[in-house]
Amino acid sequence: MTVQDVCDVVDDLAPRGLAYPWDRCGLHTGDPEDDVRCVLVALTVTREAFAAARRARAQMIVAHHPLIWEPLKTLRAGDPHTRLCLDIAQAGIACYGAHTNLDVVPGGVNTAIADRLKLRDTTPLLSVPQAQQVKLVTFVPATHLAQVRDAVCSAGAGVIGDYTHCSFSAPGTGTFLPNEKTDPFSGRKFVVNEEPELRFEVLAAKARLPRIVEALLRSHPYEEVAYDIVPLENVDASIGLGVKGHLDRVITLGVFARQVRKALGARFVRVVGANDRRVHTVGVIGGSGGGEIAGIPHAVDVLVTGDIDYHDALAAQDRGLAVIDAGHAAAERWVVPVLASYLKARLKKVRVATYIEPDVFRIITE
Ligand SMILES: [Zn+2]
């Protein structure tokens with residue numbers, strides 16, 4: 001198993017194409033060809049997470065927060081973060097970050113938090129442009145339809161709700177004239193050939209297209225594969241920023257805030273809104289959800305997030321939205337065991353270790 005194989009498996013869950021354009025996901029240190037026998041999963045690549053990776057003899061760290069966020073201007077060791085990057089590179093450890101792509105997929109950061117809070121009927125909270133879908137169309141001889149369909153659907157095309165391998169095919173006639181440089185799969189050179197073909201079409205997430213087209217080209221028998229990528233208005237309903245869901249019953253904000261603190265194992269939570277307010281519909285955005293306050297649907301009674309600042313808290317209060325800030329690490333670190341279980345299931349021969357990040361803040365009230 002190589003570093004690239006592990007990157008591909010993370011990409012199956014959270015394709016890099018689903019990250020926001022300003023994000024810096026991906027492989028930040030290491031060689032894609034290196035062998036991996038142990039992966040450490042962490043929330044952030046801190047000095048402590050690096051030490052945990054050394055102890056576990058891991059060749060790779062998969063984290064939610066990308067190792068390099070602000071581009072490094074020099075590689076001088078005086079700056080603590082640059083020193084950490086150098087130490088990781090010197091240790092030959094590959095670092096992969098799945099950031100906003102892991103914020104918008106089912107099974108990612110926000111699902112992990114929503115599951116801890118036992119929310120029901122969960123759906124994405126906010127729509128994102130990355131959820132756009134396309135139609136992939138190709139033309140294939142009937143003898144090779146199953147082979148092409150299996151390849152593109154295994155790469156992630158043709159998913160509608162809980163159904164996979166959804167596609168359509170219809171017969172027709174293709175024409176082509178091969179020149180002297182060609183080696184055609186069928187027909188004769190230097191004449192216009194007419195061949196029976198099937199028009200095969202399938203829905204695909206735009207974010208997954210690179211892997212799907214690669215699978216198409218690998219499985220299709222033709223020397224030159226004709227295919228169309230058609231933009232659609234459709235979006236993948238399972239993709240979106242945050243999660244929305246319901247509590248079992250209506251309870252007060254004060255009671256729910258205590259439940260959140262306990263469920264997330266947070267030292268403390270900060271609350272915007274009166275304790276006796278009634279809450280039932282909950283929005284979840286791990287990390288800094290403050291910037292999204294204006295777009296939170298009015299049906300949401302309370303937003304559980306991880307890092308809200310003063311002015312965003314005031315904005316929430318002004319629009320009557322209750323907020324529970326559980327702390328960035330306390331909320332998001334729940335994705336670590338979820339991601340580790342996923343990797344264990346997919347990477348049978350690789351050992352998977354975890355580093356659970358403690359909260360950086362203490363609170364003093366007396
Ligand atoms: Zn975060």
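Indexing begins at 1, ligand by ligand and atom by atom, following the structure's order.
For a distance bound of 2.8 Å, the N, O or S atoms of His64 include none lying that close to the Zn ion (ligand 1). Because the distance cut-off is set at 2.8 Å, His65 qualifies as a neighbour of the Zn ion (ligand 1) through one of its N, O or S atoms.
The aromatic rings of Trp69 and His99 lie perpendicular to each other, with more than 60° between the two planes, well past the 30° mark. The aromatic rings of Tyr222 and His220 sit perpendicular to each other, their planes meeting at more than 60°, with 30° as the lower class boundary.
In this structure, Phe185 has its ring center under 6.0 Å from that of His144.
Per residue Glu332, closest N, O or S atom to the Zn ion (ligand 1): atom name OE1.
The shortest non-hydrogen separation linking Val323 to Ala316 is CG2-CB, 3.6 Å.
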